[in-house]
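Values below: all heavy atoms of this structure, side chains included; hydrogens, waters and symmetry mates excluded. In listed order, ligands and their atoms are each counted from 1. Throughout, numbering of the chain's residues begins at 1 and tracks the sequence.
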Amino acid sequence: MRHRIAVIGGGPAGLTFARVLHRHGHPVTILERDPAPDARPPGGVLDLHERMGQLALGKAGLLAEFQALSRPEGQAMRILDVDGTVLRDWRPRPGDRANPEIDRGQLRDLLLGPLDVQWGRGVTEVVPRTGDGVLVRFADGRQETFDLVVGADGAWSRVRPAVSSATPHYTGITLVETSLDDVDTRHPDLARLIGDGSMAVYGVNRGLVAQRNSGGHVKVYAQFRAPLDWHTSLDRHMGLNRRAGMNAGMNAGMDTGLDTGLDLADAEAMRSSLLALFDGWAAPVLDLLRHGTAFVHRPLYVLPVSHTWAHVAGVTLLGDAAHLMPPLGVGANLAMLEGAELAESVAAAPGPADLDEAVRAFEEQMWARAGGWAKITMAGLERLVSPDPTEALALFDEVQPS
Ligand SMILES: Cc1cc2nc3c(=O)[nH]c(=O)nc-3n(C[C@H](O)[C@H](O)[C@H](O)COP(=O)(O)OP(=O)(O)OC[C@H]3O[C@@H](n4cnc5c(N)ncnc54)[C@H](O)[C@@H]3O)c2cc1C
């Protein structure tokens with residue numbers, strides 16, 4: 001018996017789910033809000049762990065292709081102090097394929113393969129238990145019905161309200177992302193500083209992380225503790241004056257009377273505010289901000305740790321929609337593993353009662369595993385962006401002993 005299955009969202013969770021079902025010969029409707037695969041920049045690199053993301057790719061029959069595309073050398077990690085002194089310089093051993101890096105765009109294309117995604121189909125609402133199954137409403141006014149609707153639509157899921165009233169809350173930590181292109185030819189000193197993988201500098205309540213993507217592209221994340229509306233009044237919220245960024249000799253925190261707020265879309269204003277925030281850090285480290293192009297504001301939100309819900313027949317969640325957690329290298333891995341596991345369970349369920357039982361069992365397993373990771377990543381975030389920067393180093397030594 002063929003169940004009518006829809007997955008909402010074509011991110012790592014949704015595409016892995018669909019690809020594994022496809023491998024099992026089971027049809028699935030993939031509904032994605034973006035109008036096209038390349039409608040927006042895909043984001044930074046992901047390191048896929050052997051027992052999570054890579055396991056999922058194995059279930060999709062894509063491990064060999066992943067190994068050909070991914071960059072094991074990208075596992076390298078260097079930690080500097082704010083004066084630019086290298087504190088740790090970890091490199092993978094030859095043949096170490098525990099967590100190789102892959103660009104998100106490459107991963108998306110790998111998963112897409114033969115899948116037939118319906119692009120430009122934003123879902124607005126999912127209504128369980130209607131007469132003929134689960135009703136999906138779309139932004140264009142259309143609606144369709146399925147036996148199982150899988151919400152893989154990320155942090156701000158429109159499927160989640162069908163099973164849970166939980167909403168993400170702000171962690172108190174914000175990222176601002178910028179990037180550099182052709183770093184090896186245009187910024188060779190920075191290329192050497194970053195190395196083959198990632199480089200991180202941790203100061204009091206703030207950090208700067210640079211991650212190498214393929215093709216000489218580098219993503220830089222400035223991370224800092226701040227109220228959600230920090231940008232509306234820099235003097236008041238951050239003790240910052242933006243002249244400090246323009247004039248390194250001036251003391252940050254001096255009242256300038258310029259506290260008019262920051263236009264997040266103004267790249268130069270963002271740059272000078274960040275330079276003021278990181279004032280006093282080594283010049284080569286600050287070059288990551290000086291040479292950054294566009295700046296993207298990403299306040300970090302999370303769902304409650306151990307988010308669960310009373311099972312609702314015909315609807316479930318995967319990935320960030322189910323357990324949004326801090327970005328400490330686990331979210332996409334979990335999302336993919338869950339996608340693969342749910343697909344295998346669904347493919348093995350012959351009748352409607354088996355399908356419901358398979359989803360129920362999957363949810364129990366997902367909640368137990370994701371709850372553990374949510375605790376670990378929340379505690380990790382607190383230590384990485386901490387009043388005591390030695391906490392970040394201690395965390396690195398625990399996770400990556402030399
Ligand atoms: C800065 C940063 C760095 C990170 N680094 C890592 C890392 O190194 N390793 C790691 O494992 N994780 C990392 N993560 C976490 C990772 O990005 C997420 O956990 C992962 O993308 C979750 O996948 P997903 O498929 O659940 O959701 P998403 O990737 O958010 O995909 C959701 C999809 O649903 C679509 N969608 C949304 N709403 C609708 C709608 N209403 N209708 C239809 N479609 C919709 C979206 O367009 C999107 O394509 C990082 C996160 C951040 C912010």
Check [Y] with [X], please: is the shortest side-chain N to carboxylate O separation under 4.0 Å?
| X | Y | value |
| --- | --- | --- |
| Asp96 | Arg93 | no |
| Glu73 | Arg212 | no |
| Glu382 | Arg225 | yes |
| Glu177 | Arg298 | yes |
| Asp397 | Arg88 | yes |
| Asp153 | Arg33 | no |
| Glu50 | Arg97 | no |
| Glu268 | Arg271 | yes |
| Arg23 | Glu344 | no |

Considering only non-hydrogen protein atoms, determine which one is nearest to [atom] and report residue, atom name and distance to 0.1 Å.
| atom | result |
| --- | --- |
| atom 45 (C) of ligand 1 | Arg33 CB, 3.6 Å |
| atom 1 (C) of ligand 1 | Tyr221 CE2, 3.5 Å |
| atom 50 (C) of ligand 1 | Arg104 NH2, 3.3 Å |
| atom 40 (C) of ligand 1 | Val123 N, 3.7 Å |
| atom 19 (O) of ligand 1 | Asp320 OD1, 2.7 Å |
| atom 51 (C) of ligand 1 | Pro327 CB, 3.4 Å |
| atom 6 (C) of ligand 1 | Leu46 CD2, 3.5 Å |
| atom 30 (O) of ligand 1 | Gly154 CA, 3.7 Å |

Specify side chain, backbone, both or neither for [X], according to which of its non-hydrogen atoms lie closer than 4.0 Å to ligand 1.
| X | result |
| --- | --- |
| Glu338 | neither |
| Trp156 | neither |
| Arg40 | side chain |
| Ala152 | backbone |
| Val330 | backbone |
| Ile8 | side chain |
| Arg158 | side chain |
| Leu48 | neither |

Q: For Arg121 and ligand 1, answer yes if some heavy atom of the residue is under 4.0 Å from a ligand atom, otherwise no.
A: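 Yes.
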Does a side-chain heavy-atom distance below 4.5 Å link [X] with [Y]?
| X | Y | value |
| --- | --- | --- |
| Phe278 | Leu286 | yes |
| His311 | Val359 | yes |
| Pro327 | Leu300 | yes |
| Phe138 | Thr124 | no |
| Val346 | Leu355 | yes |

Q) Does the ring center of Tyr301 lie less than 6.0 Å from the ring center of Trp156? A)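 Yes, close enough.
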Distance filter under 4.0 Å to [X] heavy atoms, resulting ligand 1 atoms:
| X | answer |
| --- | --- |
| Gly11 | 25 (O), 31 (O), 33 (C), 49 (O) |
| Asp47 | 7 (C), 8 (O), 9 (N) |
| Asp34 | 47 (O) |
| Gly329 | 7 (C), 8 (O), 9 (N), 10 (C), 11 (O) |
| Leu175 | 1 (C) |
| Leu31 | 43 (C), 44 (N) |
| Gly122 | 42 (N) |

Candidate with minimal heavy-atom separation from [atom], of [options]:
| atom | options | answer |
| --- | --- | --- |
| atom 39 (C) of ligand 1 | Asp153, Leu107, Leu328 | Asp153 |
| atom 29 (O) of ligand 1 | Ala39, Pro326, Pro12, Gly319 | Pro12 |
| atom 10 (C) of ligand 1 | Gly339, Gly9, Ala332 | Ala332 |

Q) Where does the angle between the aromatic ring planes of Trp309 and His307 fall among parallel (under 30°), tilted (30 to 60°) and perpendicular (over 60°)? A)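 Tilted, since the angle between the ring planes falls between 30° and 60°.
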Q. According to the interplanar angle, ranging from 0 to 90°, do the rings of His26 and His3 count as parallel (below 30°), tilted (30 to 60°) or perpendicular (above 60°)?
A.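 The rings of His26 and His3 lie parallel, inter-plane angle below 30°.
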Q) Quick check: does Arg298 get an N/O under 3.5 Å from an N/O on ligand 1? A)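 Among all N and O atoms of Arg298, none is under 3.5 Å from an N or O of ligand 1.
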Q) Is there any N or O on Glu32 that sits under 3.5 Å from an N or O of ligand 1? A)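 Between Glu32 and ligand 1 (N or O atoms, distance only) the closest approach is under 3.5 Å.
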